[in-house]
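Here, residue 1 is the first one in the sequence, and each next residue gets the next number.
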Amino acid sequence: MVDPFGRAVTYLRVSVTDRCDFRCTYCMSENMNFLPKKDLLTLEELDRLCSAFVAKGVKKLRLTGGEPLVRKNIMFLVRGLSRHLESGALEELTLTTNGSQLSRFATELAECGVRRINVSLDTLDPEKFRTITRWGEFDKVMEGVRAAQAAGIRVKLNAVALKDFNEQEIPELMRYAHANDMDLTLIETMPMGETGEDRTDQYLPLSLVRQRLEENFTLTDLPLSTGGPARYVRVEETGGKLGLITPMTHNFCESCNRVRLTCTGTLYMCLGQDDAADLRTALRASPDDAFLSAAIDEAIGRKPKGHDFIIDRDHRRPAVARHMSVTGG
């Protein structure tokens with residue numbers, strides 16, 4: 001699959017549920033209205049959709065949410081998709097998780113061929129963790145991280161950089177990750193969905209974060225790509241890698257190789273645009289995949305050049321109305 005700008009689409013992110021057991025302040029409002037369960041694709045339908053993308057050249061598949069591991073019987077889907085790893089059609093099956101359910105599922109995930117995962121962790125302070133997640137339990141997440149590592153899964157920590165919340169803690173978070181054989185990726189907050197917070201009070205440009213880090217650390221740019229939007233540096237003093245995802249200060253659109261599928265079968269060709277394709281109708285229209293394949297091709301043909309996220313005093317409202325949990329980041 002090649003979009004109108006010559007970019008090969010080889011990476012599919014799938015939000016298997018919009019539900020989450022946390023209510024992170026930069027992602028959701030505290031009192032969310034989630035989709036009715038009847039609107040969700042079945043796990044069998046999600047498998048068929050993902051498999052259609054694999055047949056069309058997707059090599060990396062990431063399950064997201066909300067929190068993917070709160071979806072009932074989620075391992076049925078993971079086990080089913082693992083057949084594409086065994087056949088060689090798929091190079092990587094992975095997921096992004098808040099870690100709350102990892103201690104339950106880590107061993108089985110590893111048995112299904114999941115070799116690395118991203119765990120969202122914005123602070124090492126249990127009280128601050130409770131504040132930012134509203135409902136989260138820090139110790140439970142730490143237990144999940146340890147369980148994943150014990151199962152042989154490589155863990156990368158993701159942290160959203162937030163002004164006046166964790167900006168002073170970033171060096172400590174980086175040292176912690178690297179000392180425990182984990183990489184760290186920092187992410188700028190994005191203007192998606194109403195959260196009850198003013199994002200101009202949260203937004204911390206990673207250009208400033210890097211500048212501050214370079215006062216105490218030597219950061220060497222790496223020509224590394226894991227198929228996602230991060231740019232990587234090696235931190236010479238710790239020997240670990242630091243990723244920077246900068247949708248605001250330097251968008252990553254020129255090399256975008258991904259599309260995002262929601263749990264209702266809606267395909268978003270860009271995280272920061274509202275244009276979408278209804279694949280559920282195509283999926284259910286016929287038992288064979290010809291119509292679905294054509295619908296996917298039509299959607300890829302509409303993939304835009306990029307997004308136009310802005311956060312400043314003149315742009316307080318979200319750039320797109322849907323929450324991050326709908327699209328799966």
Side-chain angles (χ1 to χ4, degrees), residues 15 17-34 64-70 95-103 117-146 148 155-177 180 182-206 208-209 212-213 230 242-248 271 309 311 316 318 322-329:
S15 176
T17 178
D18 66 331
R19 295 172 184 265
C20 189
D21 49 353
F22 292 0
R23 294 291 183 275
C24 295
T25 60
Y26 52 81
C27 181
M28 294 185 178
S29 60
E30 187 163 8
N31 299 304
M32 288 288 292
N33 292 315
F34 293 115
T64 70
E67 168 49 46
L69 296 179
V70 302
L95 71 152
T96 294
T97 173
N98 63 27
S100 66
Q101 309 296 317
L102 259 183
S103 60
I117 58 172
N118 293 349
V119 176
S120 301
L121 183 71
D122 301 315
T123 177
L124 296 173
D125 183 317
E127 289 302 314
K128 289 173 70 175
F129 182 83
R130 185 73 174 187
T131 298
I132 197 70
T133 63
R134 294 191 177 106
W135 298 359
E137 296 179 32
F138 179 79
D139 289 344
K140 198 171 181 181
V141 173
M142 290 295 98
E143 181 186 353
V145 168
R146 290 191 293 271
V155 176
K156 177 169 73 68
L157 299 182
N158 284 347
V160 177
L162 298 166
K163 185 169 62 175
D164 297 330
F165 178 77
N166 64 359
E167 60 181 309
Q168 302 304 321
E169 196 181 345
I170 287 171
E172 179 190 358
L173 194 57
M174 184 176 72
R175 288 190 187 98
Y176 167 79
N180 288 277
M182 296 181 284
D183 295 329
L184 172 69
T185 291
L186 302 175
I187 307 169
E188 291 176 336
T189 188
M190 288 176 255
M192 297 186 66
E194 290 290 2
T195 63
E197 304 280 340
D198 187 342
R199 286 192 172 90
T200 54
D201 294 332
Q202 296 179 318
Y203 172 52
L204 178 63
L206 290 188
L208 178 59
V209 172
R212 289 174 178 169
L213 285 173
L242 177 68
L244 304 169
I245 296 181
T246 54
M248 306 302 301
L271 180 65
F309 285 151
I311 296 179
R316 293 169 181 260
R322 70 183 185 279
H323 287 85
M324 181 72 81
S325 62
V326 173
T327 327

What's the verdict on side-chain contact (heavy atoms from CB on, under 4.5 Å) for L69 and L95, showing C-alpha distance, side-chain angles and the deciding distance? CA-CA 9 Å; L69 296 179; L95 71 152; 4.0 Å; yes
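Side-chain contact between L204 and L162: absent, with no pair of heavy atoms (C-beta onward) separated by less than 4.5 Å. In this structure, M142 and L121 have side chains that are in contact, with non-hydrogen atoms separated by less than 4.5 Å. Contact annotation: the side chain of F138 never approaches that of E127 to less than 4.5 Å [non-hydrogen atoms, C-beta and beyond]. In this structure, the side chains of I132 and Y26 come closer than 4.5 Å at one or more pairs of heavy atoms. Side-chain contact between I245 and L186: absent, with no pair of heavy atoms (C-beta onward) separated by less than 4.5 Å. With contacts defined as side-chain heavy-atom distances shorter than 4.5 Å, the pair F22/V141 qualifies. Within the 4.5 Å cutoff, the side chain of P205 has heavy atoms near those of the E188 side chain. Using a 4.5 Å cut-off on side-chain heavy atoms (C-beta onward), P68 and T96 make no contact.
Between the side chain of R23 and the backbone N or O of R134 there is no donor-acceptor pair closer than 3.5 Å.
Nearest heavy atoms, L206 versus A161: CD2-CB, 3.7 Å. When all heavy atoms of G243 and A230 are compared, the closest pair comes out as CA-CB, 4.4 Å. The two residues G65 and S15 come nearest to each other via the heavy atoms O-OG, 3.2 Å.
With values rounded to the nearest 0.5 angstrom, R212 atom CZ is found 4.5 Å from E167 atom CD. Considering OH of Y176 and CE of M182, their distance stands at 4.5 Å, rounded to 0.5 Å. Of the inter-residue distances, the one linking T189 atom OG1 with Y203 atom OH reads 9.5 Å to the nearest 0.5 angstrom. Remark: T131 OG1 to D122 CG distance equals 12.0 Å, nearest 0.5 Å. Rounding to the nearest 0.5 angstrom, the gap separating the CZ atom in F129 from the CG atom in D139 is 9.5 Å. Within the model, atoms SG of C24 and CH2 of W135 stand 11.5 Å from one another, a figure rounded to the nearest 0.5 Å.
Residues forming a side chain to side chain donor-acceptor pair (under 3.5 Å) with S100 (at least two apart in sequence, or on another chain): D21, N98. Taking T97 as the reference, E67 meet the side chain to side chain donor-acceptor pair (under 3.5 Å) condition, with sequence neighbours excluded. Taking F165 as the reference, nothing meets the ring-ring contact (aromatic ring centres under 6.0 Å, His included) condition, with sequence neighbours excluded.
Side-chain N/O atoms of T123 and E169 include a donor and acceptor closer than 3.5 Å. Side-chain contact, T185 with K156: a donor N or O sits under 3.5 Å from an acceptor N or O.
For the pairing with L242, the side-chain contact (heavy atoms from CB on, under 4.5 Å) check across D183, I170, L213 returns one residue only, L213.
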